[in-house]
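First comes the structure, then the notes that go with it.
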Amino acid sequence: MNNRCFCALLLNVVLMCLGGTGTVLYAQVARHASLRLPVVPDSLTDTASRLTYVLEHYWDNMPWDDKGACADTTFVEQSMVDFLDLMSHADSTLATCAYAHFLDLLPKGMYGWLTDMTCEYLYTPDSPVYNTETFASAADAILAHGALDSYKLLVLKDRHASIMKNRVGHNAADFDLVILDGERKRLYDAVAGSKRVLLLFYDPDCEVCAELEQRLALSDNVNAAIARKDLAIVAVDPFGTPEQQWREHASTLPRTWTVGYSPEGKVYEDEVYVISVAPVVYLLDGNMRVQVKDASGAQLASWLAQ
């Protein structure tokens with residue numbers, strides 16, 4: 001199933017559970033996803049309470065004692081992915097509690113498989129339900145449950161520590177960068193006085209990065225916001241690219257941006273920011289608090305339109 005279908009399917013699950021209108025896409029695409037969803041009481045009328053109920057009762061109709069159903073990998077995986085997508089609509093406390101309840105229900109033989117699946121879907125950038133905040137909530141529950149073997153525990157702790165860096169609502173990490181004229185600056189100093197900051201980590205050889213750079217450079221709205229000092233764009237090569245190669249690319253970017261590189265690639269090597277696949281975009285407010293981490297194209301467009 002391709003990512004576009006997956007995402008449409010998951011949105012449909014949320015709409016149906018929360019009382020919205022489903023579409024035929026769910027029936028057409030998710031032929032194996034037959035887990036019967038909980039019926040939300042009519043007395044729960046607001047979205048938050050309905051979401052809470054669905055997450056608390058999502059697995060009520062899962063036949064854990066039916067070996068045939070549990071061996072149906074398509075059925076189980078689809079049910080799991082839908083659950084993770086619903087978690088992404090909850091706050092961290094509710095998401096952690098919901099996942100902890102799920103862990104309590106799991107048969108011993110399925111624990112490793114489904115926790116591995118959770119980490120793969122939520123932590124992998126090209127996953128249809130990639131979400132670092134939801135990963136952090138699930139990881140909190142898994143770590144508290146204490147049932148992983150030592151190797152998987154080390155991997156999860158390492159990933160959890162990475163996710164905790166530069167979280168939404170917290171201040172972005174400051175770091176050194178060298179700009180085109182050779183001056184060494186701190187990130188915070190480079191954007192002082194800006195109302196909002198778009199922090200772009202890029203690779204000079206990355207075609208996707210180049211496409212994003214071009215879209216931003218040609219956007220009338222973006223350029224107008226920069227002129228009003230409502231927006232600052234900082235484009236940073238964090239990978240330790242040879243300086244001459246970096247300069248050749250950097251010279252093609254708008255002069256209204258702050259364009260620099262991380263000396264010795266420290267931002268990447270020291271994991272000041274976790275950069276799995278470039279480009280990576282952080283959207284910050286004027287106080288350098290992270291508003292969106294590793295922004296998707298849709299999130300970036302929405303943020304810029306504000």
Side-chain angles (χ1 to χ4, degrees), residues 1 3 5-20 22 26 30 33-40 44 46-62 64 74-106 110-148 152 156-157 159-160 162-164 167-170 290 292-296 298-299:
M1 184 183 299
N3 286 1
C5 290
F6 239 132
C7 292
L9 179 154
L10 294 176
L11 175 59
N12 199 57
V13 171
V14 174
L15 289 171
M16 288 194 298
C17 288
L18 301 187
Y26 187 88
S34 56
L35 179 63
R36 186 160 53 89
L37 297 172
V39 177
V40 182
L44 301 178
D46 62 285
T47 300
S49 60
R50 293 175 72 84
L51 176 60
T52 299
Y53 185 91
V54 170
L55 283 172
E56 289 176 346
H57 296 275
Y58 181 87
W59 297 104
D60 285 2
N61 298 311
M62 177 67 187
W64 296 114
T74 303
F75 164 69
V76 174
E77 185 168 355
Q78 185 65 72
S79 301
M80 189 73 226
V81 172
D82 291 349
F83 178 62
L84 297 177
D85 185 68
L86 283 169
M87 282 176 56
S88 72
H89 296 269
D91 62 38
S92 59
T93 301
L94 174 57
T96 300
C97 289
Y99 198 86
H101 175 60
F102 160 70
L103 293 178
D104 289 337
L105 297 173
L106 276 181
M110 300 182 72
Y111 189 95
W113 174 39
L114 291 181
T115 53
D116 286 350
M117 185 189 301
T118 295
C119 295
E120 178 183 353
Y121 270 105
L122 294 177
Y123 193 78
T124 305
D126 60 355
S127 161
V129 289
Y130 170 67
N131 189 306
T132 56
E133 291 299 311
T134 307
F135 174 86
S137 296
D140 285 339
I142 295 171
L143 291 172
H145 212 251
L148 289 182
K152 288 184 178 180
L156 183 61
K157 284 183 175 179
R159 289 181 171 183
H160 186 264
S162 296
I163 291 299
M164 298 303 287
R167 292 188 76 184
V168 172
H170 295 73
V290 178
V292 183
K293 177 178 179 177
D294 199 2
S296 66
Q299 288 173 319

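What you are looking at is a predicted structure, and each value in this text was computed from that prediction instead of being measured.
Contact annotation: the side chain of Met117 approaches that of Glu77 to within less than 4.5 Å [non-hydrogen atoms, C-beta and beyond]. No side-chain heavy atom of Leu37 sits under 4.5 Å from any side-chain heavy atom of Val54. Val168 places none of its side-chain heavy atoms less than 4.5 Å from the side chain of Thr132. Within the 4.5 Å cutoff, the side chain of Tyr123 has no heavy atoms near those of the Thr118 side chain. By the 4.5 Å heavy-atom criterion applied to side chains, His145 and Tyr99 are not counted as neighbours. Inter-residue side-chain proximity for Asp60 and Arg36 is flagged as unmet; no heavy-atom pair is nearer than 4.5 Å. In this structure, the side chains of Tyr130 and Asp294 come closer than 4.5 Å at one or more pairs of heavy atoms. Looking only at side-chain heavy atoms (C-beta outward), Thr47 and His89 stay at 4.5 Å or farther from each other.
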key: Check against side chain to side chain contact (heavy atoms under 4.5 Å, CB included), Met80 and Phe102   = CA-CA 10 Å; Met80 189 73 226; Phe102 160 70; 3.5 Å; yes
request  = Give the C-alpha distance, both sets of side-chain angles, the deciding distance and a yes or no for side chain to side chain contact (heavy atoms under 4.5 Å, CB included) between Met62 and Phe75.
outcome  = CA-CA 10 Å; Met62 177 67 187; Phe75 164 69; 3.8 Å; yes
inquiry  = Using the rule given for side chain to side chain contact (heavy atoms under 4.5 Å, CB included), can you reason through Leu55 versus Phe83, listing the C-alpha separation, both sets of side-chain angles and the distance that settles it, and then say yes or no?
reply    = CA-CA 8 Å; Leu55 283 172; Phe83 178 62; 3.8 Å; yes
task = Could you walk me through whether His101 and Trp59 pass side chain to side chain contact (heavy atoms under 4.5 Å, CB included), step by step?
result = CA-CA 9 Å; His101 175 60; Trp59 297 104; 5.6 Å; no
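Closest approach of Tyr53 and Val39 over heavy atoms only: CE2-O, 3.5 Å. Residue Arg167 comes nearest to Glu133 through the heavy atom pair NH2-OE1, 2.8 Å, listed as atom of the first residue, atom of the second, then distance. Annotation for Ser79 and Leu35: closest pair OG-CB, 3.5 Å, computed over non-hydrogen atoms. The nearest pair of heavy atoms linking Ser88 to Asp85 is OG-O, 2.5 Å. Taking each heavy atom of Lys157 and Leu143 in turn, the nearest pair found is CG-CD2, 3.8 Å. Nearest heavy-atom pair across Ala95 and Ala90 is N-CB, 4.2 Å.
In this structure, Thr124 contributes its side chain and Tyr121 its backbone to no donor-acceptor pair below 3.5 Å. When atom types are taken as modelled, the side chain of Ser127 and the backbone of Val129 share a donor-acceptor pair closer than 3.5 angstrom. When atom types are taken as modelled, the side chain of Thr96 and the backbone of Ser137 share a donor-acceptor pair closer than 3.5 angstrom. A donor-acceptor pair is defined here as one N or O able to donate and one able to accept, closer than 3.5 Å; such a pair exists between the side chain of Lys293 and the backbone of Ile163.
Separation of atoms CG (Leu51) and CE (Met87) is listed at 10.5 Å; rounding is to 0.5 Å. Atom OG1 in Thr115 sits 7.5 Å away from atom CG in Leu103 (nearest 0.5 Å). The distance from the CD1 atom of Ile142 to the SG atom of Cys119 is 4.5 Å, given to the nearest 0.5 Å. In this structure, CG in Leu86 is found 10.5 Å from OG1 in Thr134, a value given to the nearest 0.5 Å. A distance of 4.5 Å separates OG1 in Thr52 from CG in Leu94, rounded to the nearest 0.5 Å.
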